[in-house]
*Asks:* 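After the structure tokens below, expect a handful of questions from me.
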Amino acid sequence: SPNESEAVGARFPFPFSPYRIQEEFMAALYRALEAGGVGIFESPTGTGKSLSLICGALAWLRDCEERKRQDEARLLQEPEQRDRESSPGGAPDPAAGEPAWVAEFVQGKAARDRADRAKVGEEQIKRKKREERLEKIRHNVQLKYASKRKKCEDDETERLLQLSKEILSKEAGSDVLEQLDHNEEELILAEYESDEEKKVGAGLDEDDDDLEEEHVTKIYYCSRTHSQLSQFVHEVQKSPFGKETRLVSLGSRQSLCVNEEVRRLGAVQLINDRCMELQKNKHEKKNEGEETAGKRRRVSRAVCPFYSYEQMQFLRDEVLVDVKDIEQLVTMGKKTKACPYYGSRYAIPAAQLVVLPYQMLLHESTRNASGIKLKDQVVIIDEAHNLIDTITCIYSAEVSGSQLCCAYSQLLQYMERYRKRLKAKNLMYIKQILYLLERFVSVLGGNVNQNPNTQSISQAGTELESINDFLFQSQIDNINLFKVPLTFSILLCQLFGFVERYGAPTAVKTNKENQKTTGLQNFLLTLQQGPEKEGAPPHPPADPEIDQLKMASPLMHIEGFLSALTNANQDGRVILNRQGTVSQSSLKFLLLNPAVHFAKVVKECRAVIIAGGTMQPVADFREQLLSCAGIDADRVVEFSCGHVIPPENILPIILCSGPSNQQLEFTYQKRDQPQMMDEAGRILCNLCNVVPGGVVCFFPSYEYEKQVYTHWEGTGLLTRLATKKKIFQEPKRANQVEQVLAEYAKCIKRCSQVGGHMTGALLFSVVGGKMSEGINFSDDLGRMLIENLCMKAVNQSIGRAIRHQKDFASILLLDHRYARPAVFNKLPQWIKERTLIKTGFGQAFAELRKFHREKSCYRPASS
């Protein structure tokens with residue numbers, strides 16, 4: 001009714017008049033958050049799910065904060081009466097004449113009330129100071145000018161220091177080179193202090209008062225991809241809450257680093273290693289102080305100019321004043337000369353909405369290192385259709401024989417060089433890790449002292465073992481694996497500096513003045529080039545980024561594998577994959593019970609919402625994730641709604657056979673058959689003749705897409721397709737997706753305006769790839785989707801085509817197995833109730849031609 005709609009509108013501010021299903025979604029979400037439940041929310045892609053999440057959740061947060069302020073005010077208004085009741089000369093003691101334990105309880109309650117009032121008072125003072133500071137920044141540009149002036153002064157100081165160094169180096173001559181050797185002291189491991197190292201690793205200083213700031217009630221929103229997170233932030237900016245919400249976007253160093261020297265390393269692990277090294281130098285430089293007279297002057301170690309506490313505080317406040325996405329955060333970091341990666345973390349305590357990728361929230365050690373505290377907070381996991389698989393992948397780990405041998409070599413060389421200078425405890429830890437590496441290579445059938453590329457495996461094959469059996473077989477069951485990974489964070493920094501100084505062949509070197517060749521470099525060269533020396537055929541050209549990763553941080557992979565082995569025996573398995581050589585062989589930990597890690601998130605949080613456009617089958621989440629995590633069934637709330645588009649605007653068809661009556665079955669065994677690929681090609685050719693605008697064809701994998709593309713290229717089919725549609729392929733690299741999409745959209749728009757033989761574009765994409773999630777193929781960009789894979793990822797891909805109420809599209813599912821009840825029932829309800837099953841291509845083609853002819857008179861502009 002109108003009155004109900006007005007009430008909902010007042011409760012949930014919305015940028016426009018919401019659909020009925022959006023009102024229902026927000027109301028159900030509010031109730032789930034208020035009750036502290038675990039909600040499974042399904043709202044088909046294109047129904048405004050993001051806005052419903054934003055407005056529903058932030059409306060609840062607004063009310064929650066208001067209730068808290070009222071409770072605080074009530075608590076502070078009644079102190080005199082409560083104090084009189086517990087004071088000797090005040091009102092009669094309610095515990096008079098009662099047993100001693102009652103009197104103690106009454107007095108204790110009075111003391112607790114006084115402590116609560118004091119705490120509330122402190123929180124109010126902190127909150128008032130924060131609000132005043134942010135208000136000044138919002139309306140008074142003097143602070144911004146002060147920040148800019150400080151940056152200019154720092155730049156000038158740095159320029160003068162550089163000039164002084166150049167003059168000194170010219171005067172000092174050979175002395176400087178000797179001091180570089182002296183500076184090698186930094187590579188020696190300090191006494192192991194895990195707490196201090198954790199503080200350095202998190203980028204925290206001891207004098208940081210703001211770290212003690214209480215974490216306000218907040219919502220953690222996470223999604224899978226960078227583009228999904230950016231879209232969500234843009235929706236927040238457009239919402240009625242956009243001006244008043246304190247939002248911070250978190251990301252990886254690869255996304256947020258503004259130090260060009262570090263960014264150009266490319267690979268995320270190289271960036272992480274170098275950042276930690278620069279951070280360590282900064283920390284040590286701060287504590288080093290003045291060298292005593294007569295001592296040799298130490299050469300300054302490289303530090304990150306963006307890792308400035310004062311500038312990161314400026315950045316923190318700028319982040320909290322206005323809603324910014326990752327790109328805007330990076331731009332601001334460059335302007336203020338402050339690190340966005342660490343600056344954004346400083347903003348977490350005061351933020352009301354924290355936007356972050358899956359990995360940072362679901363991986364416990366990453367979560368802790370990022371300063372994320374889930375206690376009594378709300379977590380919303382969007383695009384959660386692949387949540388189970390995501391947790392499984394995050395906590396699974398794999399190391400190759402080549403990585404194990406490389407790590408052993410680096411660590412052995414490091415230990416031999418600094419044996420006499422290392423503390424006894426650190427020497428013991430290094431020897432322990434060397435022993436582990438030796439046993440892992442041995443269990444693969446190799447020897448760490450020989451070249452892994454030339455060591456043949458006598459008994460090739462794959463073996464599956466329980467965790468305990470693997471530990472016994474490797475003879476490491478007597479080692480406390482919970483303690484070993486704690487030394488890795490320190491060791492990684494030192495080893496990175498050592499390898500950088502003495503040269504891993506693929507590592508990117510920043511200190512070009514002091515690159516020495518030692519046995520380490522020679523050994524690593526044999527690891528990389530061994531097969532060629534033995535006359536083996538040369539390897540195909542490899543991705544240089546992957547090569548860098550293999551050689552730069554093998555210990556990081558090994559740390560992940562060791563941590564994985566600390567899972568309970570029943571929660572995982574170890575796969576021993578023995579292939580031709582030790583280098584090609586690998587050890588892989590496979591997590592079997594993702595619920596054990598998800599349970600830790602749910603246990604801490606006030607409420608958890610799992611949301612997605614296609615959550616079917618919901619039973620998987622209930623059984624594999626929630627029940628196994630020990631979540632009470634009464635706490636679980638389900639919400640599902642239909643789509644906003646009219647039934648006549650969508651045409652889903654299950655096609656069982658092609659134009660030549662070839663039955664369509666794209667199983668792993670049959671999909672490689674030439675006749676199967678030819679039939680799919682004939683279907684596509686016919687469809688491109690009647691479907692205007694864009695056609696998106698999803699394949700099961702990048703490899704199969706490449707195989708089919710090559711086959712069609714050889715048969716001449718691609719040439720025939722290109723006369724009607726310009727062909728695009730989904731790139732594997734995420735940074736190329738935007739460019740391909742822009743060209744795809746531009747081509748479709750040009751064809752619709754110019755006319756002629758070319759009617760649009762054809763995009764080959766991959767189920768579960770970059771374009772099956774978070775990408776909008778709205779309007780002319782996606783008039784038809786073609787699928788040939790059976791199930792959860794298929795549902796997600798289907799949602800790419802229907803993006804708003806007036807959109808329309810046809811969806812063709814190429815495989816007779818889609819018609820089977822067990823598979824058909826896993827389709828989303830709004831698709832299932834409109835799906836036609838066609839055994840022959842002729843009937844399907846007639847339906848498609850009729851559908852697009854009727855819709856051709858109504859062509860909304862592409863969005």
*Asks:* Is there a side-chain contact between Val574 and Lys588 (heavy atoms, below 4.5 Å)?
*Replies:*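 No, too far: nothing below the 4.5 Å cut-off.
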*Asks:* For Phe589, give me all partners under ring-ring contact (aromatic ring centres under 6.0 Å, His included), at least two apart in sequence or on another chain.
*Replies:*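 Here no residue qualifies.
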*Asks:* Is there a side chain to side chain contact (heavy atoms under 4.5 Å, CB included) between Leu361 and Val354 once you walk through the steps?
*Replies:* CA-CA 11 Å; Leu361 184 122; Val354 180; over 6 Å; no
*Asks:* Minimum heavy-atom separation for Tyr702 to Glu730, with atom names?
*Replies:*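 Here Tyr702 and Glu730 meet closest at OH-OE2, 2.7 Å.
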*Asks:* Can you measure from CD1 (Ile372) to CD (Glu364) and round to the nearest 0.5 angstrom?
*Replies:*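 Here the interatomic distance stands at 12.0 Å.
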*Asks:* The test is side chain to side chain contact (heavy atoms under 4.5 Å, CB included); show your working for Ile575 and Leu587 and say whether it passes.
*Replies:* CA-CA 6 Å; Ile575 300 172; Leu587 299 173; over 6 Å; no
*Asks:* If you define the side chain from C-beta out and look only at heavy atoms, does anything of Gln359 sit under 4.5 Å from Thr366?
*Replies:*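 Contact flag for Gln359/Thr366 side chains = yes.
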*Asks:* Considering only heavy atoms from C-beta outward, does the side chain of Ile40 approach that of Leu626 to under 4.5 Å?
*Replies:*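 Counting from C-beta outward, Ile40 and Leu626 do come under 4.5 Å.
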*Asks:* Please report the shortest heavy-atom distance between His363 and Ile394, naming the atom on each side.
*Replies:*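 So the minimum-distance heavy-atom pair works out to CD2-CG2, 3.4 Å.
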*Asks:* Side chains of Val233 and Val323, heavy atoms from C-beta outward: is any pair under 4.5 Å?
*Replies:*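 Side-chain contact under 4.5 Å: yes.
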*Asks:* Do the side chains of Arg274 and Arg253 get nearer than 4.5 Å, heavy atoms only?
*Replies:*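 The answer is no, as the side chains (C-beta and beyond) never meet within the 4.5 Å cut-off.
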*Asks:* Looking at every non-hydrogen atom in both residues, tell me the closest pair between Cys55 and Pro240 and how far apart they are.
*Replies:*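 Smallest heavy-atom distance, with atoms named: SG-CD, 4.3 Å.
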*Asks:* Applying side chain to side chain contact (heavy atoms under 4.5 Å, CB included), can you list everything that pairs with His226, at least two apart in sequence or on another chain?
*Replies:*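 Expected list: Ser230, Ile326, Glu327.
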*Asks:* Output a table of donor-acceptor pairs, distance under 3.5 Å, between side-chain atoms of residues 26-34 and any protein atom two or more places apart or on a different chain; print 'none' if there are none.
*Replies:*
residue, atom, partner, partner atom, Å
Tyr30, OH, Asp63, OD2, 2.5
Glu34, OE1, Trp60, NE1, 2.9
Glu34, OE1, Arg67, NH2, 3.0
Glu34, OE2, Arg67, NH2, 3.4

*Asks:* Answer yes or no: is there a donor N or O on one side and an acceptor on the other, between the side chain of Arg573 and the main chain of Ile467, under 3.5 Å?
*Replies:*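 No: the side chain of Arg573 does not pair with the backbone of Ile467.
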*Asks:* Would you call the rings of Tyr307 and Tyr342 parallel, tilted or perpendicular if under 30° counts as parallel and over 60° as perpendicular?
*Replies:*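 The rings of Tyr307 and Tyr342 stand perpendicular, inter-plane angle above 60°.
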*Asks:* Measuring only between side-chain heavy atoms, which start at C-beta, is Pro15 closer than 4.5 Å to Lys238?
*Replies:*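 Not in contact.
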*Asks:* Identify, with sequence neighbours excluded, every residue that meets ring-ring contact (aromatic ring centres under 6.0 Å, His included) alongside His234.
*Replies:*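 ring-ring contact (aromatic ring centres under 6.0 Å, His included) check on His234 returns nothing, list empty.
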*Asks:* Please name the pair of heavy atoms, one in Ala59 and one in Phe12, separated by the smallest distance, quoted to 0.1 Å.
*Replies:*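 That closest heavy-atom pairing would be CB-CD2, 3.6 Å.
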*Asks:* Compute whether any side-chain donor of one residue and acceptor of the other, for Glu398 and Gln403, lie under 3.5 angstrom apart.
*Replies:*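 No donor-acceptor contact under 3.5 Å links the two side chains.
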*Asks:* Mark yes or no for whether Ser255, through its side chain, and Gly251, through its backbone, hold a donor-acceptor pair below 3.5 Å.
*Replies:*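 Absent.
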*Asks:* Roughly how far, to the nearest 0.5 Å, is the NZ atom of Lys218 from the CG atom of Leu353?
*Replies:*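 One gets 9.5 Å once the value is rounded to the nearest 0.5 Å.
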*Asks:* Checking the side chain of Thr245 only, and the main-chain atoms of Gly242 only, is there a donor and an acceptor separated by less than 3.5 Å?
*Replies:*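 Checking the backbone N and O of Gly242 against the side chain of Thr245, no donor-acceptor pair under 3.5 Å is found.
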*Asks:* About how many Å separate CG of Leu247 and CD of Gln352, when rounded to the nearest 0.5 Å?
*Replies:*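 Going from the CD atom of Gln352 to the CG atom of Leu247 covers 9.5 Å.
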*Asks:* Quick one: do Glu66 and Arg69 make a salt bridge, cutoff under 4.0 Å?
*Replies:*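 Salt bridge flag = yes for Arg69 with Glu66.
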*Asks:* Looking at Lys49 and Glu383, does any basic side-chain N land under 4.0 Å from a carboxylate oxygen?
*Replies:*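 So Lys49 pairs with Glu383 through a salt bridge.
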*Asks:* Between Arg606 (side chain) and Val378 (backbone), is there a donor-acceptor pair under 3.5 Å?
*Replies:*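 Pair absent, no side-chain N/O of Arg606 close to backbone of Val378.
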*Asks:* Looking only at the side chains, is there a donor atom on one of Ser50 and Glu235 sitting less than 3.5 Å from an acceptor on the other?
*Replies:*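 Per modelled atom types, Ser50 and Glu235 side chains form no pair under 3.5 Å.
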*Asks:* Compare all side-chain heavy atoms of Asp382 with those of Gln228 and state whether any distance is below 4.5 angstrom.
*Replies:*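 In short, these two side chains do not touch, never coming nearer than 4.5 Å.
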*Asks:* Mind listing the closest non-hydrogen atom pair of Pro340 and Leu315 along with its distance?
*Replies:*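 In this case the closest contact between Pro340 and Leu315 is CA-CD2, 3.6 Å.
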*Asks:* Sequence neighbours excluded, which residues qualify as side chain to side chain contact (heavy atoms under 4.5 Å, CB included) partners of Glu244?
*Replies:*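 Counting only residues at least two positions away or on another chain, Glu244 forms a side chain to side chain contact (heavy atoms under 4.5 Å, CB included) with Phe241.
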*Asks:* Looking at Ala633 and Arg622, what are the two nearest heavy atoms and their distance?
*Replies:*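 Closest approach of Ala633 to Arg622, heavy atoms only: O-NH1, 4.4 Å.
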*Asks:* With no hydrogens and no angle check, is any side-chain donor or acceptor of Asn567 less than 3.5 Å from a backbone partner on Ala564?
*Replies:*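 Side chain of Asn567 to backbone of Ala564: a pair is present.
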*Asks:* Are Gln377 and Thr217 close enough, and set up right, to give a side chain to side chain contact (heavy atoms under 4.5 Å, CB included), and what steps lead you there?
*Replies:* CA-CA 6 Å; Gln377 308 291 20; Thr217 302; 4.0 Å; yes
*Asks:* How long is the span from the CD1 atom in Ile381 to the SG atom in Cys222, to the nearest 0.5 Å?
*Replies:*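 If we round to the nearest 0.5 Å, Ile381:CD1 and Cys222:SG are 4.5 Å apart.
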*Asks:* Looking at CD of Gln22 and OG of Ser43, how far apart are the two atoms once the value is rounded to the nearest 0.5 Å?
*Replies:*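 It is 7.5 Å, given to the nearest 0.5 Å.
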*Asks:* Could you give the distance from OH (Tyr220) to CZ (Arg367), rounded to the nearest 0.5 Å?
*Replies:*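 It is 10.0 Å, given to the nearest 0.5 Å.
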*Asks:* If you define the side chain from C-beta out and look only at heavy atoms, does anything of Leu51 sit under 4.5 Å from Ser239?
*Replies:*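 Leu51 reaches Ser239 side chain to side chain.
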*Asks:* Distance-only, no hydrogens or angles: does the Gln328 side chain make a donor-acceptor pair with backbone N or O of Asp325 under 3.5 Å?
*Replies:*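 Yes, because the side chain of Gln328 sits within donor-acceptor range (under 3.5 Å) of the backbone of Asp325.
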*Asks:* Apply side chain to side chain contact (heavy atoms under 4.5 Å, CB included) to the pair Val636 and Phe621, showing each step before the final yes or no.
*Replies:* CA-CA 11 Å; Val636 180; Phe621 291 95; over 6 Å; no
*Asks:* Using atom types as modelled and distance alone, determine if a side-chain donor or acceptor of Ser370 lies under 3.5 Å from a backbone N or O of Arg345.
*Replies:*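 Not a single qualifying donor-acceptor pair exists.
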*Asks:* Please list, chain by chain and in numerical order, all residues satisfying side chain to side chain contact (heavy atoms under 4.5 Å, CB included) with Asn593, sequence neighbours excluded.
*Replies:*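 Asn593 satisfies side chain to side chain contact (heavy atoms under 4.5 Å, CB included) with Asp571, Ala595, Val596, Cys628 once adjacent residues are dropped.
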